[in-house]
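Chain letters run A, B, ... following the sequence lines, proteins first, then strands; residues in each count from 1. Because the structure is predicted, anything quoted here is derived from the model rather than measured.
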2 protein chains.
Amino acid sequence: MASRAKATIFDIAREAGVSKSTVSLVLQGSGLIRPETAVKVRKAIEDVGYVYNRGAANLRKAHSNVIGMVINDLTNPFFAELAVGMERVFQSAGIVPFIANTAENPVRQEEVLKSLMEQGVAGLIVSPARGTTPGAFRRLELAGVPVVFAMRRLPESRIPVIAPDNHRGAYLAAAHLIAKGHRRLAFFGGTSDLVVYQERLGGFREACETLGISARDVLVVEGETNRRGGLACLETALTMAEPPTAALCFNDAVAFGVMLALRKRRLEPGPDFAVVGFDDVVEAEHYMPALTSVAVDTAGLGERAAHVMLKLIQSRTTRAEDHIGAVNLVVRESCGPDLRTRNRPTGTRGAA
Amino acid sequence: MASRAKATIFDIAREAGVSKSTVSLVLQGSGLIRPETAVKVRKAIEDVGYVYNRGAANLRKAHSNVIGMVINDLTNPFFAELAVGMERVFQSAGIVPFIANTAENPVRQEEVLKSLMEQGVAGLIVSPARGTTPGAFRRLELAGVPVVFAMRRLPESRIPVIAPDNHRGAYLAAAHLIAKGHRRLAFFGGTSDLVVYQERLGGFREACETLGISARDVLVVEGETNRRGGLACLETALTMAEPPTAALCFNDAVAFGVMLALRKRRLEPGPDFAVVGFDDVVEAEHYMPALTSVAVDTAGLGERAAHVMLKLIQSRTTRAEDHIGAVNLVVRESCGPDLRTRNRPTGTRGAA
DNA sequence: TTGATTTATTGGAACGTTCCATTTAATAGG
DNA sequence: CCTATTAAATGGAACGTTCCAATAAATCAA
């Protein structure tokens, strides 16, 4: 049925008895062609087993319709959720976004960005890898490719950012722990080369200062932003002379790691050590105990990022405003009962 | 520095004082050009801020270097793990794979496949969405684009498949439950339009028959292949007159849902109802209780699929052998103690 | 009928590469 | 010094589209 070599608009034209230009117009859904002609052409398209060559088209057209999503850690369900939010928006705009994973590796990221540029993407939504150098996106800017950062930002970059209110989220979480009666707090996971880290840690510190926790009672342990990092952080913290009794974790993955480490030491997350996460991934609700976490409306941020991208592409510009998403603390069970009432003989708890 | 319009090899040629052909040769790393010339050209490339136009090149070249991964559910960490395995292989081959998500939606899948074809992919690794029609991949075949199925297969398709030994995995799991003393078993989640489902259910049934469980003591509840599906399945099962005491779940996501539903009813996964998952995602180990699951070496299968794809592309063919990966049952805590010794006065359990 | 206008269709140039066939330059053999 | 050989560089055609300007056909106004 279909010939060996792939069919082009010329083959269609011959088959339908029209010119290549007519075929092209039909492909673009132009209203200029007579309906009967269009039908004839469309039939020919089917018959010859034609597949549109977007590369060739992009040679003439100003813009491609490809949008890339560059994600630093696809195995973190948080980013998968983010991706899904974006896809929803792009789908309704008739765009298929391509996702690429950098695995938190700046070198890999460089390759990915290069490849996407060569592919002629119309725009890029990026959650930059840890340790990304400031110049990594210069080429994109020079080429006039719109870029939006999602969730993470770069130190001194003019690229628009869509991210949650990290400072406030961390403040809320720390305030919650303090209100629960904790006096020695820790911040677990993440590294200071991440702007997000500074924001979250900043909010955490501000809460401590404002609410009367002395600086020497707050412990900061840097680490990987995954389960393994959380495990390591807790181990480190427990070697201290006066270990903390509660921790705000950089993200939920770290928090899961901390809970795991507690279990390994036969400590119960909640009663024995309070844990708060950040991101509120779906798993948070389903853990044992359910994780108290800062919810950031992941899918919503993804949608927002996608919308900003579409607007950038349409307006043919590369600048846009940042968007800081609202956050709220979802209190579950991982912080245990109120410490201030813990040792009093209330009798309410003690059955189990 | 860089001009407004994007630079082409002609701009480089002018800058370096050579011809466009020379530039092209340098770009391809041809050994024909004098080293000094190459250096000169490479400098010019930097200076004009050139980005290679792969679309234009593909117009002449036979094959593009883009490989697409089409995945039915990116939020399932299992597929993220699979993707990561593939990426490892492609990376070392200098290829950046593009991932696209179909969200288990055949219509979306059709769009995604079309878009990838138009992009001129060199090959496609696909985990087909549920309800994919047999003809969905005909166009790909006609166009001679190599396709490999990962994890899932289509009823009557000649496309090579990389998948775990589903039948054996399910058999092992069921045998384990039976050895534990369970006599009324259930299979939860998945739908019969999935070949994988038939394979897993087949293994499950065979174990039951072989090991003396009567057919009317096995309950099969179809459902979504995610947490929500698991929840629903358990609810359905518990409405039975003689409900099962153990279930093999279609995958880990379903198993997590089942455990959740048990908790909601104040039942303890393990002692009160045995649960086995399938896939052994990383979370399985970290759940409370840790989930007994059939491990399938996800990343390994991903690597295998990627290798098969590379071979297909090189050999310019479209047929290859299937590859069935080994499986093994990882016993953890979600099946509780041995039922046959449960009611005897051992005294070991009873404290909590 | 004639020219003006509208409606459909068309040929050709252009997009940025690669690759082949040539040309030019450099080197060697006599 | 001339020719044969090798090495290096080049011009032109081709890839499959789009878009513009131009043509052809049909309709309309007078």
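Comparing C/dT9, C/dT10, D/dT10 by their closest approach to the side chain of A/Ile33 singles out C/dT9. When each of C/dT18, D/dT10, C/dA13 is scored by its nearest atom to the side-chain atoms of A/Lys20, the top-ranked nucleotide is C/dA13. Side-chain atoms of A/Arg60 lie closest to D/dG16 of the nucleotides C/dC19, C/dT17, D/dG16. Among D/dA9, C/dT9, D/dT17, the nucleotide with an atom closest to any side-chain atom of A/Ala56 is D/dT17. Set against C/dT17, C/dT10, C/dA8, the side chain of B/Tyr52 has C/dT17 as its closest nucleotide. Of the candidate nucleotides C/dT17, D/dC15, C/dC19, C/dC19 has the atom lying nearest to any side-chain atom of B/Lys61. Nearest nucleotide to the B/Thr37 side chain, out of D/dA8, C/dT10, D/dG11: D/dA8. In this structure, of D/dA9, C/dT17, D/dT18, it is D/dA9 that holds the atom nearest to the side chain of B/Thr22.
For A/Asn58 and C/dG16, the CG to P distance is 12 Å, given to the nearest whole Å. Rounded to whole Å, the distance from CG on A/Leu32 to C1' on D/dT18 is 14 Å. For the pair B/Leu25 CG and D/dG11 P, the interatomic distance rounds to 13 Å; values are reported in whole Å. The distance from atom CD of A/Gln119 to atom P of C/dG16 is 17 Å, rounded to the nearest whole Å. Following rounding to the nearest Å, B/Glu118 (CD) and D/dG16 (P) show an atom-to-atom distance of 15 Å. Atom C1' of nucleotide C/dT18 and atom CG of B/Leu27 are separated by 11 Å, given to the nearest angstrom. The separation between A/Arg14 atom CZ and C/dG11 atom P is 14 Å, rounded to whole Å. At whole-Å resolution of the value, CZ in A/Phe10 and C1' in D/dT17 are 9 Å apart.
The existence of a salt bridge linking A/Arg153 and A/Asp322 is confirmed by a sub-4.0 Å separation between a basic side-chain nitrogen and an acidic carboxylate oxygen. The pair A/Arg152-A/Glu104 counts as a salt bridge, with a side-chain nitrogen and a carboxylate oxygen less than 4.0 angstrom apart. Ion pairing between B/Glu321 and B/Lys311 fails under the 4.0 Å rule for side-chain N and carboxylate O. One finds no salt bridge joining A/Asp11 and A/Lys6 here, because no Lys/Arg side-chain nitrogen approaches an Asp/Glu carboxylate oxygen to under 4.0 Å. Using a 4.0 Å cut-off between a side-chain N of Lys or Arg and a carboxylate O of Asp or Glu, B/Glu111 and B/Arg108 qualify as a salt bridge. Using a cutoff of 4.0 Å between basic side-chain nitrogens and carboxylate oxygens, A/Glu118 and A/Lys114 are scored as salt-bridged.
Considering only side-chain N and O atoms, A/Ser19 lies under 4.0 angstrom from the phosphate OP1 or OP2 of C/dT10. Distances shorter than 4.0 Å separate some side-chain N or O of A/Ser24 from OP1 or OP2 on D/dT18. In this model, the phosphate group of D/dC19 is approached by a side-chain N or O of A/Gln28 to a distance below 4.0 Å at OP1 or OP2. Between A/Arg34 and the phosphate of C/dT9, there is a side-chain N or O to OP1/OP2 separation shorter than 4.0 Å.
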Original post:
Step by step, would you call A/Asn72 with A/Ser127 a side chain to side chain donor-acceptor pair (under 3.5 Å)?
Top reply: CA-CA 6 Å; A/Asn72 61 292; A/Ser127 172; 2.8 Å; yes

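The overall bend of the helix from C/dT1-D/dA30 to C/dG30-D/dC1, read as the angle between its terminal helix axes built from five base pairs each, is 50° when rounded to 10 degrees.
Contact annotation for B/Thr8: backbone-only contact, meaning every heavy-atom pair under 4.0 Å involves sugar-phosphate atoms and none involves a base.
Residues A/Ile9 and B/Gly17 each lie close to DNA chain D; by heavy-atom proximity, the contact nearer the 5' end of the strand is made by B/Gly17.
Nearest heavy atoms, B/Leu154 versus B/Val195: C-CG2, 4.0 Å.
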